[in-house]
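One structure below.
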Amino acid sequence: MSDAPSSSVDAVRAQLERDAEGAGYHLNPDTRFVRDLVDGLLTNRRRYGYLACPCRLATGIADEDRDIVCPCDYRDADLLDWGSCYCGLYVSDEVRRGQRALAPAPERRPAKALRTPPQLLGSSRRLEGTVPVWRCRVCGYLCGRERPPAVCPICKATADRFEPFR
Amino acid sequence: MSDAPSSSVDAVRAQLERDAEGAGYHLNPDTRFVRDLVDGLLTNRRRYGYLACPCRLATGIADEDRDIVCPCDYRDADLLDWGSCYCGLYVSDEVRRGQRALAPAPERRPAKALRTPPQLLGSSRRLEGTVPVWRCRVCGYLCGRERPPAVCPICKATADRFEPFR
Amino acid sequence: MSDAPSSSVDAVRAQLERDAEGAGYHLNPDTRFVRDLVDGLLTNRRRYGYLACPCRLATGIADEDRDIVCPCDYRDADLLDWGSCYCGLYVSDEVRRGQRALAPAPERRPAKALRTPPQLLGSSRRLEGTVPVWRCRVCGYLCGRERPPAVCPICKATADRFEPFR
């Protein structure tokens with residue numbers, strides 16, 4: 001059992017929910033489940049100094065764990081493909097509304113040997129031309145992602161209102 | 001008279017307002033007027049499956065109606081030019097404050113033969129070089145629009161703080 | 001002493017705080033200090049018609065004062081370097097949490113002769129290739145700034161989750 005005081009877990013959960021909803025994301029509606037995950041996040045923060053994913057094994061080396069600091073680099077793709085992130089902390093709108101069952105998302109994180117080495121993350125050459133840019137036709141929001149977000153974080157238009165941009 | 005329960009209309013209206021205010025947009029301060037429009041939006045959602053503009057004739061073919069799903073592709077330009085969207089659901093800050101009278105916005109949507117065919121919306125070539133990118137000098141927000149937004153959705157700086165970017 | 005009614009100062013302060021928090025910024029936790037600055041902002045609005053920085057000398061010529069309308073063009077860089085803006089109205093998360101002392105930020109605004117003339121601000125040539133674009137690896141948010149923001153305004157990921165983009 002964690003030594004995180006309940007108020008802190010609840011405060012962090014509430015902050016995560018505000019941040020999520022403000023940007024068109026959703027926490028899992030199962031509050032008890034979310035509290036356990038937040039408890040794990042806070043345990044990791046005490047242990048490592050950052051909110052490492054509670055469902056993965058962190059190394060404690062910040063550079064190596066950066067992609068699994070919550071929200072992880074894989075959340076958005078998992079939400080689009082599986083309706084939930086690897087942990088089930090974040091879910092898609094369909095899952096939230098009960099129109100799609102919550103199912104486990106497979107691990108999308110590449111094996112260590114296949115990850116981009118931390119020292120290359122700052123290299124602009126690495127990304128040249130690899131990640132497409134999407135434009136919201138309603139408000140003009142631009143983002144660099146493999147696929148458009150489920151909802152525009154600015155105007156809340158749905159993914160089908162995005163178009164490829166340059 | 002619509003069969004939308006009042007609570008649903010009010011809930012949707014409140015959500016639209018939160019989304020609008022969070023991004024620097026404003027609903028028409030005439031609450032009764034807005035409720036009627038929201039009622040029309042919900043009627044369209046039941047009829048077509050999406051929130052088609054309540055003031056235009058939808059076809060029921062999602063690909064053909066996409067540009068008039070609320071908020072429509074024309075809202076932002078209408079707000080800048082006329083102080084309100086075609087419906088009057090969204091208004092500019094000046095109209096909201098009563099510094100500018102609410103006046104009907106002319107229909108900006110191109111005639112059907114002049115619209116971009118839905119099958120071309122996914123083509124990146126279509127947009128090459130057509131929509132300029134604007135940058136907020138305060139926070140760096142980038143957006144692809146004909147003109148900068150009235151207010152930066154991130155830091156709330158006004159339109160005159162934007163500059164053309166590349 | 002200003003003639004701004006207290007309710008107006010408090011209302012503007014509350015609005016600034018909502019805007020700030022929603023985008024990952026923070027007002028100085030010293031409420032009395034912030035109220036004085038807001039009072040100065042409102043005095044400037046009555047005098048000049050815009051919220052000129054209360055800690056700098058405005059000219060009253062909108063084009064020449066644009067970079068010091070609050071939030072000023074220099075806020076974000078000051079927050080990263082000094083933990084607070086020139087006025088101390090906005091502070092970094094570290095300062096807010098008391099993990100870093102509030103210290104005066106030196107004036108970053110260039111001398112008048114070195115500023116970009118207002119008539120060139122609209123020239124896209126001026127910026128060609130000068131300001132880098134950053135991409136949030138979590139949500140894909142793109143921004144044009146010298147350095148990434150302390151927190152992604154969309155998904156609240158920290159600065160170390162940003163990478164150079166093209």
Side-chain angles (χ1 to χ4, degrees), chain B residues 14-27 29 71 76 80 91-94 96-100 122 124-125 127-166, chain C residues 15-25 49-51 62-63 65-80 85 90 116 118 120-135 140-154 162 165-166:
Chain B
Q15 182 63 50
L16 286 181
E17 181 148 43
R18 278 194 299 275
D19 288 349
E21 293 295 328
Y25 296 95
H26 307 289
L27 291 191
D76 283 25
L80 291 173
V91 300
S92 71
D93 191 52
E94 283 171 305
R96 186 178 63 118
R97 291 169 179 272
Q99 294 164 352
R100 178 176 177 173
S124 60
R125 260 165 303 164
L127 275 164
E128 187 63 61
T130 60
V131 178
V133 174
W134 297 92
R135 173 182 174 268
C136 173
R137 289 175 58 85
V138 176
C139 73
Y141 176 70
L142 298 174
C143 53
R145 304 162 48 107
E146 289 303 330
R147 285 167 290 176
V151 170
C152 172
I154 303 301
C155 74
K156 315 299 180 195
T158 48
D160 59 346
R161 311 295 287 279
F162 278 82
E163 62 188 5
F165 189 68
R166 292 180 193 171
Chain C
Q15 182 64 49
L16 286 180
E17 180 148 46
R18 277 195 299 275
D19 289 348
E21 292 295 328
Y25 296 95
Y50 42 85
L51 295 169
D63 277 350
D65 294 341
R66 186 154 295 128
D67 60 322
I68 57 165
V69 171
C70 184
C72 70
D73 284 13
Y74 315 105
R75 174 185 66 170
D76 283 27
D78 281 342
L79 287 177
L80 290 173
C85 72
Y90 292 93
T116 305
L120 288 192
L121 281 178
S123 160
S124 59
R125 258 164 306 165
R126 189 182 70 83
L127 273 164
E128 187 64 60
T130 59
V131 179
V133 174
W134 297 92
R135 172 183 174 267
Y141 176 70
L142 298 174
C143 53
R145 304 162 48 106
E146 289 302 330
R147 285 165 292 175
V151 169
C152 172
I154 303 300
F162 279 80
F165 189 69
R166 293 182 193 169

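In what follows, chains carry the letters A, B, and so on, assigned in the order in which the sequence lines appear, proteins first and then strands, with residues in each chain numbered from 1.
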Check: R145(C) side chain, G140(B) main-chain N or O, donor-acceptor pair, under 3.5 Å: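 Checking the backbone N and O of G140(B) against the side chain of R145(C), no donor-acceptor pair under 3.5 Å is found.
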Donor-acceptor contact present, side-chain R161(B) to main-chain V69(C), <3.5 Å: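 Present.
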Top contributor to chain B interface from P153(C), P71(C), A23(C) [non-hydrogen pairs under 4.5 Å]: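 Counting heavy-atom pairs under 4.5 Å, the top option is P71(C).
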Quick check on [X] against chain B: is it the side chain, the backbone, both or neither that has a heavy atom closer than 4.5 Å?
X	result
Y25(C)	side chain
Y74(C)	neither
I154(C)	side chain

Sub-4.5 Å side-chain heavy-atom contact between D160(B) and D63(C):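 A side-chain contact under 4.5 Å is absent here.
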Minimum side-chain heavy-atom gap V133(C)-F165(B) below 4.5 Å: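 Counting from C-beta outward, V133(C) and F165(B) do come under 4.5 Å.
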Rounded distance (nearest 0.5 Å) linking atom CZ of R137(B) with atom CG of D76(C):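 Spacing of CZ (R137(B)) from CG (D76(C)) equals 12.5 Å.
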Inter-residue atom distance K156(B).NZ - R18(C).CZ, 0.5 Å rounding: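 Reported to 0.5 Å precision, the distance equals 10.5 Å.
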